[in-house]
Amino acid sequence: MPSRRSLLWILLLLPFVVRFVYFFDVRSQPYLQWNMVVGYVNHAFAEDLAAGRGAPYDLYRSPWYPLLISGLYRLFGPEPMAARVFQWILGGCGCLSLFVLTRSFFGERCALVALAASGLYAPAIFLEGELLEQGAASFLLLAGFTLMGLALREHRPRPALSAPGALLIGLGCLMRPDLLACLPFLGAAAALAPNPRARKIAMVAAVASAGLLAVVLLRHPGPFIDVGADRTGIHAAVSFYHGNNAEANGLDVGFPEVEELPTEDPEARREHMTGLDLAGIRYATSRTGGGLETVAPFWLGEAGRFIRSRPATWLSLLGRKTLMFLGGRPVGSQKDILFARSLSPILSVLLFCAGICVPLGLIIPFAIGGLAAAGPAHRFLLFLAVPAGCFITTLLFVHDFRFQHAAVPFLIALAAHGLLRLLDGAGGRRGALAALVAVALVISNVDFLGTREVRWAAEHFRVGTMHLERDELALADAAYRRSIGADPGYAPSIDNLVYIAKRTGQYDGAIEFLSGVVETGRYSWRTLRALADLAIAAGRREEGEAMARRLRQEFPERREGYEVLAGILAGSGRAAEARRTLEDGLVRFPGDAALSLNLAASWFREGACAEALPLTRKVLDETEEYPEAFSYAGHCLAAEKDFDGAAGVLLRGLRRHPGDITMLGLLGQVYGEMGRRGDEQRCYREVLERRPDHAEALYRLAVSLAAEGRRDEALSDARRAQALGHPEAGRLIESLSGNRRR
């Protein structure tokens with residue numbers, strides 16, 4: 001019938017049309033294009049593979065997805081959009097594959113419903129637009145299961161398809177090794193299918209061979225990539241600890257003991273690992289005193305101790321993960337899809353959570369009903385295999401909707417089957433099936449756990465930072481204002497708003513905006529501090545001082561009120577009043593390191609080392625967090641001619657803050673006073689390694705070389721210092737040139 005054929009063509013094209021529309025959304029939104037955390041790691045690794053940089057590689061994650069993307073980069077250049085388009089094509093083809101699989105077991109009507117639902121499934125479109133393994137792995141798995149399904153179906157099976165199907169599944173497991181957990185269920189489905197014994201054995205062997213091949217290639221990828229060492233066990237152990245520790249909530253990743261490092265950290269970038277992995281490695285090696293071989297045992301041991309010592313808490317945590325897996329809200333640990341929908345018209349139409357969470361809040365409950373009515377055991381296991389494997393991943397590690405991604409096509413097929421069974425009467429079991437679906441609807445859509453809402457302030461800040469990196473200052477400014485509107489105390493956005501105003505010189509607009517925030521009553525001490533900073537930068541000193549006094553008055557629990565006011569007073573030439581303000585602050589906050597150092601700096605600027613030195617020593621007795629404390633103490637000791645003491649303090653500071661150029665320069669001066677020219681010059685050269693344009697280091701190096709009679713070298717460095725604007729370099733050059741002529 002033509003109308004039926006037309007409907008079929010519309011639904012077959014639907015997945016590609018929706019992805020084409022989303023492509024235009026992505027092009028206009030940096031948030032939807034940015035590579036974050038794992039996406040950044042995959043992009044960087046693929047870039048290096050395509051360019052042949054960095055081999056041999058130490059592997060901290062499976063290399064197979066970056067290897068796939070590197071092939072695209074070789075063809076099109078290191079352009080993430082090429083990978084995104086490729087993955088959207090795979091995603092559309094995956095919807096067609098799901099149509100074939102569903103029709104093979106549940107009929108064409110159910111297949112059409114599944115095709116429509118998969119074509120409109122917004123989280124898949126979103127994830128396929130990220131440089132994550134899920135897109136390629138899910139397609140390969142679905143294509144492989146479709147071939148296996150054709151081999152296992154009850155009517156007109158095609159057993160010859162089981163081998164290529166198993167091979168595709170194995171390739172999918174190479175992308176996401178946790179998906180290996182689905183193979184036992186698939187093997188059981190092959191064993192229980194109504195086939196002759198020899199055929200069953202062949203199919204089970206194909207599944208087992210695919211799994212074995214995947215494991216071998218995961219452990220030994222050498223024929224395809226130049227590997228130095230396999231460190232993937234470290235990532236697995238760190239991830240296991242994230243999901244199983246006393247502070248774990250089943251969703252967020254991190255260490256209670258360790259501050260997260262940025263994934264852009266040079267070491268993380270070089271080794272193709274996330275900042276979390278790097279933080280875990282550094283902490284574990286500092287605790288064990290050993291090398292990388294101690295990291296995985298350390299974190300597995302920490303997780304094991306938690307599980308053994310608090311089994312009830314751990315079981316409760318598993319329950320939380322189960323509820324999250326069955327929940328309809330798509331939550332993740334990287335980009336926030338619920339924030340992304342505010343940037344994409346197509347996502348805003350296809351994805352929402354208002355009472356019922358569309359689409360997962362409907363797919364999962366009806367899928368549970370469809371699974372209950374799936375029929376023979378082999379069919380039940382075939383459609384359960386991937387969801388069960390993904391569920392095991394959630395229980396072992398943490399929940400993230402991207403970890404569900406491979407399961408969703410099978411859940412959609414089951415949901416379509418469950419819905420039609422209900423509509424058709426469910427063969428006399430309609431009441432029981434309806435009750436099961438109703439209970440599942442409640443579980444999937446009621447937020448029992450208080451799953452986090454969108455962190456609007458943080459996500460708008462991310463958007464602003466993306467615009468800032470592109471030097472799109474007006475767009476960045478607007479994003480930071482939206483962030484502050486969502487959370488008036490969100491410090492990073494306030495700081496960056498001030499930065500943009502200072503960079504552009506457009507203070508009035510920022511002051512007006514923040515003043516408007518204050519008028520609403522929804523403001524914080526950071527808002528007042530930013531207003532004080534902006535007023536001072538704009539030359540409105542009286543307004544800045546008034547705002548600083550207001551900060552001190554309205555937020556007496558914050559030391560920043562004293563700190564900001566003292567800074568403004570000192571900048572106005574009222575040093576004595578500034579010191580009194582800091583002393584008042586120290587009465588209110590006894591022993592506060594920051595206030596003590598500010599007071600020390602005030603004395604230091606006046607050359608009053610006798611007053612500054614005791615303050616810095618007191619700070620250093622309590623904390624080594626502040627590098628300026630070492631600098632002040634070293635300078636004051638040197639001023640008192642205690643060069644050994646100065647050198648000792650500065651060396652201690654450099655052990656705590658390696659490479660601090662202020663301390664290195666001071667240490668060079670101290671060594672110069674001690675006559676240790678070699679050590680003096682080494683310090684200045686270390687400064688220049690970090691800051692080649694450091695005129696003072698060049699000048700002092702030239703003076704030191706001249707003191708040793710090395711005039712040619714001294715002259716060269718003096719000329720470089722003069723080119724950089726050092727005021728004394730000209731006289732030194734003249735002196736050295738005169739000596740040379742004589």
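Atoms considered below: every heavy atom in the structure, side chains included; atoms not considered: hydrogens, waters and symmetry mates.
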Quiz item: Is it true that F255 and H242 have ring centroids separated by less than 6.0 Å?
Solution: yes
Quiz item: Could you go step by step and tell me if R503 and D471 meet the salt bridge (Lys or Arg N to Asp or Glu O under 4.0 Å) rule?
Solution: CA-CA 11 Å; R503 181 172 165 185; D471 215 31; 2.4 Å; yes
Quiz item: Between Y490 and Y480, is the gap from one ring center to the other below 6.0 Å?
Solution: no
Quiz item: So does R690 have more than 12 non-hydrogen atoms from other groups sitting under 6.0 Å from CZ?
Solution: yes
Quiz item: Counting distance only, does the side-chain N/O of Y684 pair as donor-acceptor with the main-chain N or O of Q669 below 3.5 Å?
Solution: yes
Exercise. Check for a donor-acceptor pair, side chain of D642 on one end and backbone N or O of A638 on the other, with a separation under 3.5 Å.
Key: no
Quiz item: Are any side-chain N or O atoms of T527 and backbone N or O atoms of Y523, one a donor and one an acceptor, separated by less than 3.5 Å?
Solution: no
Quiz item: Does R481 count as lying over the ring of F513, i.e. NZ or CZ under 6.0 Å from the six-ring centre, within 45 degrees of the axis?
Solution: yes
Quiz item: Going through the checks in order, is the salt bridge (Lys or Arg N to Asp or Glu O under 4.0 Å) test met by R541 and E545?
Solution: CA-CA 6 Å; R541 192 166 295 278; E545 183 177 335; over 6 Å; no
Self-check item: Side chain H657, main chain E624, donor-acceptor under 3.5 Å
Solution: yes
Exercise. Step by step, work out the salt bridge (Lys or Arg N to Asp or Glu O under 4.0 Å) result for R700 and E696.
Key: CA-CA 6 Å; R700 290 188 175 275; E696 182 67 20; 2.8 Å; yes
Self-check item: 4.5 Å side-chain heavy-atom contact, T623 and Y626
Solution: yes
Quiz item: Is S239 reaching over with its side chain to a backbone N or O of H235, donor-acceptor style, under 3.5 angstrom?
Solution: yes
Exercise. Output, in order, the C-alpha distance, side-chain angles, deciding distance and verdict of salt bridge (Lys or Arg N to Asp or Glu O under 4.0 Å) for E686 and R682.
Key: CA-CA 6 Å; E686 282 192 46; R682 175 180 52 78; 3.3 Å; yes
Quiz item: Is the ring centre of F555 less than 6.0 Å from the ring centre of W525?
Solution: no
Quiz item: So, Y60 versus H272, ring centres under 6.0 angstrom or not?
Solution: no
Self-check item: Main-chain N/O of R574 paired with S572 side-chain donor or acceptor, under 3.5 Å
Solution: no
Quiz item: Just by modelled atom types, is the A594 backbone N or O under 3.5 Å from a matching donor or acceptor in the N598 side chain?
Solution: yes
Practice problem: Would you check if the side chain of S333 reaches a backbone N or O of D252 as a donor-acceptor pair within less than 3.5 Å? | Solution: no
